[in-house]
Amino acid sequence: MAVHNTEVADLFDKMADLLEIKDENPFRIRAYRNAALTIRNLSKSLKNMIEEDIDLTGLPHIGKDLAAKIREIVETGTFAALKKVGLPLGLSELMRIGSLGGRGIKKLYEGLHITNLEELKEAAETGKIREIVGFAEHTEKKILENIATVTESKKRTKLIVADRILEDFVEYLKSGEVAGSVRRRKETVGDGDILVADDGSDVIDRFVVYEDVKKVLAKGPTKSSVLLKSGFQVDLRVIGKESYGAALLYFTGSKEHNIELRKMAVKKGLKINEYGLFDGKKRIAGKSEQEMYRALGLPYIEPELREDRGEIDAAQKGKLPSLIDVKDIRGDLHMHSTYSDGKCDLEGMVQAAVKKGYEYIGVTEHSQRIRIAGGLKPKEVEKVIRHIDRLNKKFKNIIILKGIEVDILEDGKLDLPDDILAQLDYRVCSVHYKFNLSLQAQTERIIRAMDSPYFNILGHPTGRIIGGRKPYDIDMERIMQAAKERGCVLEVNSQPDRLDLNDLHCRMAKEIGVKVAVSTDAHSIDDLDRMKYGVGQARRGWIEKKNVINTGTLRQLKKAFKRR
DNA sequence: GCCGTTTTCGGCCCGACTGTTTTCAGTCG
């Protein structure tokens, strides 16, 4: 069984949890947390890195000691140091419920021998916790509440859902700007952050009485948090105009990006907080983010890059990517109409695409294997081709490309005969069944499919559904290498519950040098608007206009479909 | 436990809100 990066990161986080409960050196704890984050941010698999004999201490926050521990975990699947801490592993999950930190858990463990969530719940229900010094009845109630929310749904919220909630909230407040991970376009978010420039109004009072508010979690003169009826938490921060940029920077995060900036400031003998950049007591920047970065000697860093994934280093060297923008997209290459499982007929989709100002679009119905999605048989594909020919005569200001979303069969063959595939301008090839093959079998299935000269774009490359289905097990590096050698392209599917490739895979694609197509996989007219979600992930993956085939002219696009 | 154009030792980001051990530690972002 291959050990995945997330499993190593989880073990390091568990280690940090236990050390925190043990009240160990806080910097040692942070070292584990930093390392865990480095690993989560990695686009390469640790397993491959070790096999290729890459020096892990070259990674940020990984020194000799942790490199050896990573090796141990990847090679043996065990982590001896974790057991050596001498605390029950179950304590780690108590860190997740909130309102309890290491100190609190330690007291409960020592005082009541609580070692896991179950025992904590029982102790709280029977009123034992209030007997411990430092815990009151109120705290006990809060713990019970938190246990309930963590077990039922401490789930992260999809970006598109958070977008809608926050747009409505800002409209209600009549002022404010969305910050936080939503602004960084993270695929899922834990909460929402709104920043308001202080104009002396009663915005915090209005914030807490918004109709969707279920509970006020905190309310002070500059900051408040509420829980909405949907279970989504929103934080508000009010800040003076002279500090607005500093606060936006602080409130946008990521936390790790901010920490790096603050360390930079410290080195220069300066200090950053949410009120500005300070030289002693004197504020030398703060009005805008641009001003803050400039004062630190850096160019502006786009929010999507602020993940401490090397962006500060790149900024210092003047090597920041010039990120792709939604406006760069000249056409959408993945959409369905009523010929297969779309909700709108073909002509309606074309009209909608014209309205969006696209120069070209590609229509990609499903192929015969998935009958449930109305997959087309060869004769039906030919019918669509003729229809597209007619539409191309009718619509003068858009080119409709003949595409298909053809299934990759279990043996790696494509689900339509070559003579049909040859009549199309390009083909999106996707896996829609047999998700649970072994890593090797699934990887080879896809690479074998790429051997077909008719393979152009690998559709939703990992098959994951956010919060629904795990990605299938594949060696993404090998697949990208294979795609590059053959002149194939990988899709960035913009459906908000797919976002597949994800941000890290986009980064990997860029580093490997394989091109991507950012497409919506629209099944309705409204779906065509979701391009921004795919572009968001591409931006988080440092993708530039030149890395994306559907930013090119029709001529350039057709060239991109030429196979090696 | 990591890290280094001040350092291989001695640092390690910074502030708001809550609850209470009532003057500040704990927790959070």
Side-chain angles (χ1 to χ4, degrees), chain A residues 12 15-17 19-21 23-38 56-70 81 85 94-108 130 132-143 146 179-182 184 189-195 204 208 216-226 233-239 243 246-247 249-278 296-297 306 308 312 316:
Chain A
F12 280 4
M15 182 75 173
D17 289 342
L19 293 175
E20 202 166 331
I21 293 162
D23 206 11
E24 266 270 357
N25 176 359
F27 299 106
R28 188 171 165 228
I29 296 162
R30 192 184 297 169
Y32 275 102
R33 296 226 188 272
N34 287 338
L37 210 70
T38 293
L56 299 177
T57 64
L59 298 170
H61 309 298
I62 308 284
K64 250 178 90 176
D65 184 90
L66 289 183
K69 289 191 165 97
I70 291 171
V85 179
L94 303 186
M95 296 286 285
R96 302 282 93 74
I97 62 173
S99 76
L100 273 180
R103 302 281 166 90
I105 295 170
K106 185 181 169 137
K107 278 192 208 161
L108 293 173
R130 71 186 74 164
I132 304 288
V133 182
F135 291 96
E137 196 178 333
H138 178 270
T139 324
E140 196 168 72
K141 255 171 88 183
K142 195 160 183 181
I143 288 173
N146 286 347
S181 45
V182 172
R184 302 199 312 277
V189 301
D191 62 9
D193 301 296
I194 300 175
L195 183 68
I204 291 195
V208 297
V216 180
L217 301 172
K219 182 171 181 271
T222 69
K223 168 177 183 178
S224 173
S225 294
V226 294
Q233 183 180 324
V234 181
D235 299 339
L236 178 79
R237 187 74 192 257
V238 183
I239 200 93
S243 296
L249 187 65
Y250 157 74
F251 221 25
T252 296
S254 67
K255 191 178 163 194
E256 292 71 31
H257 178 84
N258 288 343
I259 287 175
E260 288 309 308
L261 290 182
R262 286 173 181 198
K263 282 194 209 161
M264 256 186 91
V266 170
K267 266 187 204 158
K268 291 174 192 277
L270 308 170
K271 185 180 76 166
I272 296 179
N273 55 28
E274 58 261 56
Y275 300 105
L277 175 64
F278 291 88
L296 285 169
R306 300 180 197 167
D308 191 24
I312 291 173
Q316 282 170 326

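Computed from a predicted structure; not experimentally measured. Residue numbering restarts at 1 for every chain, and letters A, B, ... go by the order of the sequence lines. Scope of the values below: all heavy atoms of this structure, side chains included, with no hydrogens, waters or symmetry mates.
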With heavy atoms under 4.0 Å as the rule, sort A:Gly63 into base, sugar-phosphate or nothing. sugar-phosphate
Sequence neighbours excluded, the answer for side-chain hydrogen bond (donor to acceptor under 3.5 Å, both in side chains) partners of A:Thr38 is none
In chain order, what residues pass the side-chain hydrogen bond (donor to acceptor under 3.5 Å, both in side chains) check against A:Arg306, with sequence neighbours excluded? A:Glu289, A:Tyr293, A:Tyr300
Looking for any heavy atom pair under 4.0 Å, which part of the strands does A:Asn25 touch: base, sugar-phosphate only, or nothing? base
For B:dT8, what is the paired nucleotide under Watson-Crick or G-U wobble rules, both distances under 3.5 Å? none
How would you label the contact of A:Ser224 with the nucleic acid (heavy atoms, under 4.0 Å): base, sugar-phosphate, or nothing? nothing
Determine the interatomic distance between C1' on B:dT20 and the same-named atom on B:dC14; round to the nearest Å. 24 Å
Report which part of the nucleic acid A:Thr139 touches: base, sugar-phosphate, or nothing (heavy-atom distance under 4.0 Å, all strands). sugar-phosphate
At 4.0 Å (heavy atoms only), tell me whether A:Ala136 reaches a base, stays on the sugar-phosphate, or touches nothing. sugar-phosphate
Hey, does A:Leu100 reach any base, or is it just sugar-phosphate, or nothing, if we go heavy atoms under 4.0 Å? sugar-phosphate
Quick check: closest heavy atoms across A:Ile204 and A:Gly220, and the distance to 0.1 Å? CD1-O, 3.5 Å
Heavy atoms under 4.0 Å, any strand shown: does A:Phe251 hit a base, just sugar-phosphate, or nothing? nothing
Distance under 4.0 Å to a non-hydrogen atom of chain A counts as contact; along DNA chain B, which nucleotides mark the start and end? B:dG1 to B:dG29
Kindly write out the residues that satisfy ring pair (Phe, Tyr, Trp, His ring centres under 6.0 Å) with A:Tyr32, not counting sequence neighbours, or none if the list is empty. A:Phe12
The criterion is side-chain contact (heavy atoms from CB on, under 4.5 Å); which residues satisfy it with A:Asp235, sequence neighbours excluded? A:Asp191, A:Asp193, A:Ser225, A:Gln233, A:Phe251
With A:Asp17 via side-chain hydrogen bond (donor to acceptor under 3.5 Å, both in side chains) - residues at least two apart: A:Arg33, A:Ser92, A:Arg96
